[in-house]
Amino acid sequence: MDFKYTLINWYSAHKRDLPWRKTKNPYNIWLSEIILQQTQVKQGLPYYEAFTSNFPTIFDLATASETEVLKLWQGLGYYSRARNLHTTAKHIVNEFNGVFPNTYKDLLKLKGVGDYTASAISSIAFNEVAAVVDGNVYRVLSRYFGIKTPINSTVGIKEFKKLASNLIDTKQPDIYNQAIMEFGALQCKPKNPNCHSCPLCKSCVALQKKSIDSLPVKVKKTKVSTKYFNFLVCIDSSNKTLFQKRTHKGIWQNLYQFPLIETEKSLSLEEFQLLDIKNVLSNTYIKDYALYNETDIVHKLSHQHLYTKFWIIEVDRLSKEAISIDALTKYPSPVLISTFIENFKF
DNA sequence: AATACGGGGAG
DNA sequence: CTCCCAGTATT
């Protein structure tokens, strides 16, 4: 049987029951696709439920504040997705009267929508013949056709896009695109793929050549930097603390944190004393301070390992921008911070 | 063409 | 530990 029909048959028998597969509404499809970028279905699912529940329509999302959107996104990572999601919602409401763009070409213009997402929305919501190429597709195609071109090289990206475009079922691009992705996620998995029960095993080049485990080929190796973070957890006599928005570009932009001092290495209590924390706290009188965690809390991200100390600083009276400790959880914050807030007994 | 951008799951 | 995940934007 033909490649595409084999996949579609497999899909009809094995597909998961997922909420975004029950709708053709482009808003819901778009939302699911943004959430699922670099994110496994299992992790993204509860966020999709939360967003559709809190923002049933694009108008609800557009009307919300960015802080509300980021709070709901908290814990999912890659927060530019949430900021772009909000920007695009406002754009579609204000410029297009809430009507979603319905072609690959126009979808591609939206912030946070690249080649994959434009293909996914146009095909799934509008039945446009646009082939998706995500991590699953790279894996399935590289194995089935035995392609060793690195999937993250410029030529590889073009080669796989072209191949996927030639393979797509032009009569049902929505079903085909989801079929090949689901096949990659459940059957042709990265580790221990189910080749024994694979409907494509007879014609799979990598299986014949015993090169399943070496495909797809990737050329990258991300280098990880180490950073040392000191968070100043202030508590004043009226149970207020300082919580600040990270406004600069980069990691965790527009999320909230305790005042941060980054150092070249992990600090001892004595070395911490030498820091100019009075300046950070705008000359507030410091009554006492202590280190919360004896050993550094190591927060590991894709590109950074953060060695973190939380310093508990008891002060007389904080400046008026201080917020109530009870209000801390209303603000969106990185997992590193929100986990501390949950564990620390204020 | 490289790099930055999170956090969690699987082996 | 390493690799991967329904990738995109920026440099």
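The model shown is predicted, which means the values in this text are computed figures rather than measured ones. Throughout, protein chains are lettered first and strands after them, A, B, ... in sequence-line order, and every chain is numbered starting at 1.
By the side chain to side chain contact (heavy atoms under 4.5 Å, CB included) test, A:Phe145 is found to be paired with A:Leu141, A:Ile147, A:Leu163, A:Leu167, residues two or more places apart in sequence or in another chain being considered. Not a single side chain to side chain contact (heavy atoms under 4.5 Å, CB included) links A:Lys158 to another residue, sequence neighbours left out. Residues forming a ring pair (Phe, Tyr, Trp, His ring centres under 6.0 Å) with A:Tyr78 (at least two apart in sequence, or on another chain): none. In this view, A:Leu108 and A:Tyr104, A:Ala118 satisfy the side chain to side chain contact (heavy atoms under 4.5 Å, CB included) rule, not counting sequence neighbours. For A:Phe100, the ring pair (Phe, Tyr, Trp, His ring centres under 6.0 Å) test picks out A:Trp30, with sequence neighbours left out. In terms of the ring pair (Phe, Tyr, Trp, His ring centres under 6.0 Å) criterion, residue partners of A:His91 (sequence neighbours excluded) are, by chain and number, A:Phe96.
A gap of 22 Å separates the C1' atoms of C:dA6 and B:dT3, to the nearest Å. Across C:dA9 and B:dG8, the matching C1' atoms stand 23 Å from one another, rounded to whole Å. Comparing the C1' positions of C:dC5 and B:dG6 gives a spacing of 12 Å, expressed to the nearest Å.
Think of A:Tyr228 as one node in a network of Ile, Leu, Val, Met, Phe, Trp and Tyr side chains linked at under 4.5 Å; its network also takes in A:Val298, A:Tyr307.
Sorted by first then second residue, the ring pair (Phe, Tyr, Trp, His ring centres under 6.0 Å) pairs that include residues 165-213 of chain A, not counting sequence neighbours, are A:Trp10-A:Phe183. Within the structure, ring pair (Phe, Tyr, Trp, His ring centres under 6.0 Å) pairs that include any residue of residues 197-219 of chain A do not occur (at least two apart or interchain).
Residue A:Trp73 is classed as having no contact, given no heavy-atom separation below 4.0 Å to the nucleic acid. Looking at heavy-atom distances under 4.0 Å, A:Val113 makes contact with sugar-phosphate atoms alone, never a base. Counting any heavy atom pair closer than 4.0 Å across all strands shown, A:Thr117 reaches sugar-phosphate atoms only and no base atom.
Taking atom OH on A:Tyr48 and atom P on C:dA6, their separation rounds to 17 Å, with Å as the unit. Regarding A:Phe160, its CZ atom lies at a distance of 16 Å from the C1' atom of C:dG7, rounded to whole Å. Atom C1' of nucleotide C:dA9 and atom OH of A:Tyr116 are separated by 18 Å, given to the nearest angstrom. We find that NZ of A:Lys227 is positioned 11 Å from C1' of B:dC5, with the value rounded to whole Å. Put simply, CD1 on A:Ile35 is 14 Å from C1' on C:dG7, counting in whole angstrom units. The distance from atom OH of A:Tyr11 to atom P of C:dA6 is 13 Å, rounded to the nearest whole Å. Here C:dC3 presents its C1' atom at 13 Å from CG of A:Asp213, a figure rounded to the nearest Å. Separating the NE2 atom of A:His303 from the P atom of C:dC3 is a distance of 14 Å, rounded to the nearest angstrom.
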Next item on the list: Sugar-phosphate atoms are those with a prime plus P, OP1 and OP2; base atoms are the rest. Using that split, label each nucleotide of nucleotides 6-11 of chain B B, S or - for protein heavy atoms under 4.0 Å, 5' to 3'.
Entry: BBSS-S
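Each of A:Lys249 and A:Arg16 lies near DNA chain C, and the nucleotide nearest A:Arg16 is the one positioned closer to the 5' end. Where A:Leu36 and A:Lys111 meet DNA chain C, the nucleotide closest to each residue was compared, and A:Leu36 sits on the side nearer the 5' end.
Using a 4.0 Å cutoff on non-hydrogen atoms, the parts of residues 133-143 of chain A near DNA chain C are A:Asp134, A:Gly135, A:Asn136, A:Arg139, ordered by number. For the segment residues 177-184 of chain A, residues with any heavy atom less than 4.0 angstrom from an atom of DNA chain C are, sorted by number, A:Met181, A:Glu182.
No close placement of the A:Phe310 and A:Phe344 rings is indicated, their centers lying 6.0 Å or farther apart.
To the nearest 0.5 Å, the span separating CG on A:Leu36 from OH on A:Tyr48 amounts to 10.0 Å.
Classified by interplanar angle (parallel below 30°, tilted 30° to 60°, perpendicular above 60°), the ring pair A:Tyr138/A:Phe160 is perpendicular.
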